[in-house]
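Structure first, then comments.
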Number of protein chains: 2
Amino acid sequence: MSKDSEYLNRLQDYYAEWKNIPSYAKLCEVFGIASKSWVKAILTRLADADFIERTPDGRWIPTRQFFSRPHAESTVQAGMPVSVTATQGEYFVIDEMLVDTPSKTTLITVKGDSMVDAGIQDGDVAVVEKRLTANIGDIVVAIVDNDFTLKTLDKENGAFILRPANPAYPVIRPQGTLEIFGVLIGLVRKYKR
Amino acid sequence: MSKDSEYLNRLQDYYAEWKNIPSYAKLCEVFGIASKSWVKAILTRLADADFIERTPDGRWIPTRQFFSRPHAESTVQAGMPVSVTATQGEYFVIDEMLVDTPSKTTLITVKGDSMVDAGIQDGDVAVVEKRLTANIGDIVVAIVDNDFTLKTLDKENGAFILRPANPAYPVIRPQGTLEIFGVLIGLVRKYKR
DNA sequence: TTGACAACAGAACAAACGTTCTTTATATTG
DNA sequence: CAATATAAAGAACGTTTGTTCTGTTGTCAA
């Protein structure tokens with residue numbers, strides 16, 4: 001049982017690199033053991049624990065749970081340091097956390113720094129749910145005069161306006177069409193190594 | 001050439017359902033043909049077109065391009081807006097983008113606003129790769145006097161210091177132990193609906 | 001000290017797999 | 001109409017795969 005989580009880790013790392021679950025022979029290498037039959041026993045237990053499953057052809061494939069990451073709720077404090085409990089327990093799948101409706105969700109890379117004060121930087125990836133309406137205060141991807149732009153939706157004298165979150169940029173007061181492409185529901189940033 | 005895109009479609013559909021590329025025999029079914037050698041010829045062409053590739057073990061795996069969808073909205077750009085990159089694939093697109101080594105990656109919810117100027121807000125989820133060393137300039141999760149904290153690592157007079165990204169917070173100059181828990185490699189934010 | 005169990009190793013084997021080579025049918029093109 | 005390319009079928013074959021069954025080793029409790 002305890003060793004199985006180590007085997008799972010190795011399998012996850014292998015999968016992250018190669019995007020498949022290899023043959024038993026290869027898994028002997030990955031796991032650092034010499035017996036194919038034992039590899040099978042391990043995989044069977046991982047399947048019982050619902051980390052992997054088999055296709056009708058008998059090939060092993062990962063389940064959703066395979067991609068879950070340990071989540072240390074409120075362990076880290078970015079403000080004043082505070083005593084902390086150990087990390088354990090909860091697991092999260094990043095995609096499930098951000099995406100509710102895959103067919104309506106699209107990823108858009110943010111260009112420019114017009115939303116820096118909202119914590120949205122150049123190069124961040126916005127998770128956008130495509131829909132035609134939004135509420136005041138939502139951060140929306142709008143199509144203004146045939147251009148996509150990411151701004152906060154607001155209302156001024158009965159007309160919709162788009163507020164940047166950066167004083168260096170002007171408020172956009174669309175004359176003519178203000179078409180909503182979608183609403184910002186998530187944000188992803190990757191730091192380069 | 002023209003038929004290959006049909007075969008690619010079928011392969012994409014199969015992959016979406018089973019998350020792997022099956023044997024040549026199975027692909028005969030999927031493609032609706034009867035010849036394994038022709039399957040191989042097709043896959044070889046798809047590999048030349050960079051939709052799939054092979055692991056060192058000879059197994060076929062999809063490339064990034066395999067998941068890319070033709071996006072109808074062509075590149076609209078001007079001013080300060082955005083570029084659109086639509087993606088297919090229900091799960092683990094974002095995960096794959098952020099996580100290189102699953103076994104060393106953990107998620108931590110950020111508390112406080114000491115890093116707001118770095119675009120890190122209260123409630124954001126930090127994607128942290130656990131390791132003991134970091135470079136100057138990295139944003140790290142450090143253990144200072146038994147407390148976790150998220151700060152930028154810097155050096156001052158030969159000693160490591162932790163800089164917040166908010167002038168309202170003081171620079172931390174650890175006397176005694178400065179232990180690195182991990183390095184920030186990604187950030188995820190979810191906007192409430 | 002013995003017995004039981006968990007954690008592996010190893011061998012044996014049929015079925016499946018990928019590869020290569022040869023052949024055939026259908027279009028295309030000049 | 002002939003030459004040629006494309007799209008596939010099919011057979012042959014050595015290798016790999018998953019599976020099952022039988023051993024081996026270490027540990028720990030009775």
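No hydrogens, no waters, no symmetry mates; every other heavy atom, side chains included, goes into these values. In this text, all values refer to a predicted model and were calculated from it rather than measured experimentally.
Put simply, CH2 on Trp38(B) is 16 Å from P on dT20(C), counting in whole angstrom units. What separates CZ of Arg59(B) from P of dG18(C) is a distance of 8 Å, to the nearest Å. Counting to the nearest Å, the P atom of dT16(D) and the NZ atom of Lys40(A) are 21 Å from each other. When rounded to the nearest whole Å, the span between CG of Asp57(B) and P of dG18(D) equals 11 Å. Atom CD1 of Ile33(A) and atom C1' of dC8(C) are 7 Å apart (whole Å). Rounded to whole Å, the distance from CH2 on Trp60(B) to P on dT19(C) is 8 Å. Atom P of nucleotide dT20(C) and atom CG of Leu43(B) are separated by 14 Å, given to the nearest angstrom. Distance CD (Glu29(A)) to P (dC8(C)): 17 Å, rounded to an integer number of Å.
Side chain of Ser37(A), nearest nucleotide from dA9(C), dA9(D), dC8(C): dA9(C). The side chain of Ser35(B) sits closest to dA8(D) out of dT20(C), dA8(D), dG18(C).
In summary, the aromatic rings of Tyr7(A) and Phe31(A) are positioned with their centroids under 6.0 Å apart.
Heavy atoms of Ala41(B) sit nowhere under 4.0 angstrom from any nucleic acid atom.
Side-chain nitrogen and oxygen atoms of Arg54(A) include at least one within less than 4.0 Å of the OP1 or OP2 phosphate oxygen of dT19(D). Regarding contacts with the backbone of dT17(D), a side-chain N or O of Ser23(A) is found under 4.0 angstrom from either OP1 or OP2. Listed pair Lys3(A) / dC8(C) meets the phosphate criterion, a side-chain N or O lying under 4.0 Å from OP1 or OP2. The shortest distance between the side-chain N/O atoms of Lys36(A) and the OP1/OP2 oxygens of dC8(C) is not below 4.0 Å. For Tyr7(B) and dA8(D), the shortest distance from a side-chain N or O to OP1 or OP2 is below 4.0 Å.
Residues Asp113(B) and Tyr169(B) bring a donor and an acceptor atom of their side chains to less than 3.5 Å of each other. The closest side-chain donor-acceptor pair between His71(A) and Thr109(B) falls under 3.5 angstrom.
Residue Asp124(B) forms a salt bridge (charged side-chain N to carboxylate O under 4.0 Å, His left out) with just one option from Lys190(B), Lys111(B), Arg189(B), and that option is Arg189(B).
Note on Lys26(A) versus Glu29(A): salt bridge recorded, some NZ/NE/NH1/NH2 to OD/OE distance being below 4.0 Å.
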